[in-house]
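Encoded as structure tokens, the structure appears first; notes follow it.
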Amino acid sequence: LKTSQANAQPSLKNRFMKLVSLRSLTLFVSLVLMGCFCLPANAQNDTLNDPDKAFAQARDLAFSGKRKEGRELALRILQKHPLYLDVKTFVGRTYAWDGDYEKARNTFAEVAAADPKTLDNYIAWIDAERWADEPANALIAVEKGLQHFGDDADLLYRKAKLLSVTGKMADAKLVVQKLLRKHPKHGDAYLLLQELRGQLLDNDISAGYSHESFSAYFSPANYAFVQA
């Protein structure tokens with residue numbers, strides 16, 4: 001009997017040690033798995049702590065054809081940094097690129113309401129309306145931008161183009177002339193003016209001459225200017 005008891009004690013001890021080892025192994029595996037699942041979240045949080053870096057990653061994703069992923073990252077940035085308006089404008093651009101013009105329009109309007117002096121937002125808004133074939137809405141966005149950036153070359157040029165598309169050639173020409181007075185090196189505006197002159201075919205034209213240097217490509221010379 002004593003021998004049987006002696007043999008039983010090591011057996012119980014072995015079983016106990018195996019059980020402890022199994023539990024330890026299970027706990028270890030659980031911790032490893034938890035770590036694997038937590039690492040991406042922690043890494044993501046670390047990325048969002050540097051919004052500029054995260055924004056660069058979002059743009060890289062979008063420009064490489066992964067617009068949805070880029071937009072999702074940008075939206076996560078905005079959750080943590082809601083006043084990062086450049087990111088919000090970027091989100092609006094991605095909507096416009098995908099043809100979701102209503103969401104793009106609403107996003108640009110929200111940015112303009114938060115900070116009306118964000119030039120890039122107006123440029124993106126105008127382009128989205130143009131792609132949506134909404135020249136009237138695009139002109140409204142132009143005027144909103146010009147309230148704060150009255151002499152901006154990009155806004156004035158887009159306004160002139162939109163006016164010409166809607167058949168308002170004379171108005172377009174006046175805007176281009178204003179643009180060239182403010183920005184004489186704007187080659188595209190000079191070419192647009194030449195196109196408008198050809199389209200107007202106005203018989204009541206008085207020609208004058210002006211010594212102006214419109215750009216490095218158009219050396220100082222006598223330029224005929226048109227006064228309608």
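Keep in mind it's a predicted model, so treat the numbers as computed, not measured.
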What distance separates [X] [atom1] from [Y] [atom2], expressed to the nearest 0.5 Å?
| X | Y | atom1 | atom2 | result |
| --- | --- | --- | --- | --- |
| T94 | E72 | OG1 | CD | 10.0 Å |
| K80 | L78 | NZ | CG | 13.0 Å |
| M169 | L196 | CE | CG | 6.5 Å |
| D115 | L85 | CG | CG | 6.0 Å |
| T107 | Y101 | OG1 | OH | 14.0 Å |
| I123 | L119 | CD1 | CG | 5.0 Å |

**Q.** Worked verdict on Y157 versus K161 for side-chain contact (heavy atoms from CB on, under 4.5 Å)
**A.** CA-CA 6 Å; Y157 181 71; K161 290 285 287 184; 3.8 Å; yes

Taking [Y]'s backbone N and O only, do any of them form a donor-acceptor pair with [X]'s side chain (distance below 3.5 Å, no angle check)?
| X | Y | answer |
| --- | --- | --- |
| H81 | N49 | no |
| H183 | D151 | yes |
| Y122 | P116 | yes |

(Q) What verdict does the side-chain contact (heavy atoms from CB on, under 4.5 Å) test give for Q177 and R181, after you've listed the backbone C-alpha separation in whole Å, the side-chain angles of each residue and the deciding distance to 0.1 Å? (A) CA-CA 6 Å; Q177 288 173 327; R181 285 194 296 270; 3.9 Å; yes

Is the closest side-chain donor-acceptor distance between [X] and [Y] under 3.5 Å?
| X | Y | answer |
| --- | --- | --- |
| R76 | Q79 | no |
| Y84 | D52 | yes |
| N121 | K88 | no |
| D120 | T89 | no |

Kindly give the heavy-atom pair with the smallest separation between [X] and [Y], and that separation in Å.
| X | Y | answer |
| --- | --- | --- |
| L179 | A189 | CD2-CB, 3.3 Å |
| A58 | A74 | CB-N, 4.2 Å |
| S164 | A172 | N-CB, 3.8 Å |
| A160 | L192 | CB-CD2, 3.8 Å |
| W125 | A112 | CZ3-CB, 4.0 Å |
| G70 | F90 | O-CE2, 4.0 Å |

Look at [X] together with [Y] and state whether they make a salt bridge at an N to O cut-off of under 4.0 Å.
| X | Y | result |
| --- | --- | --- |
| D98 | R71 | yes |
| D127 | R158 | yes |
| E143 | K159 | yes |

(Q) Could you tell me if R59 sits above the aromatic ring of F55, with its cationic atom closer than 6.0 Å to the ring centre and no more than 45 degrees from the axis? (A) yes

Q) Once the angle between the rings of W97 and F63 is folded into 0 to 90°, is it parallel (under 30°), tilted (30 to 60°) or perpendicular (over 60°)? A) tilted

Q.
Do T166 and L162 make a side-chain contact, defined as non-hydrogen atoms from C-beta onward lying under 4.5 Å apart?
A. no

Q | L75/V87 under side-chain contact (heavy atoms from CB on, under 4.5 Å): CA gap, chis, key distance, verdict | A | CA-CA 8 Å; L75 289 171; V87 174; over 6 Å; no

Q | Check against side-chain contact (heavy atoms from CB on, under 4.5 Å), L163 and L174 | A | CA-CA 10 Å; L163 288 170; L174 291 175; over 6 Å; no

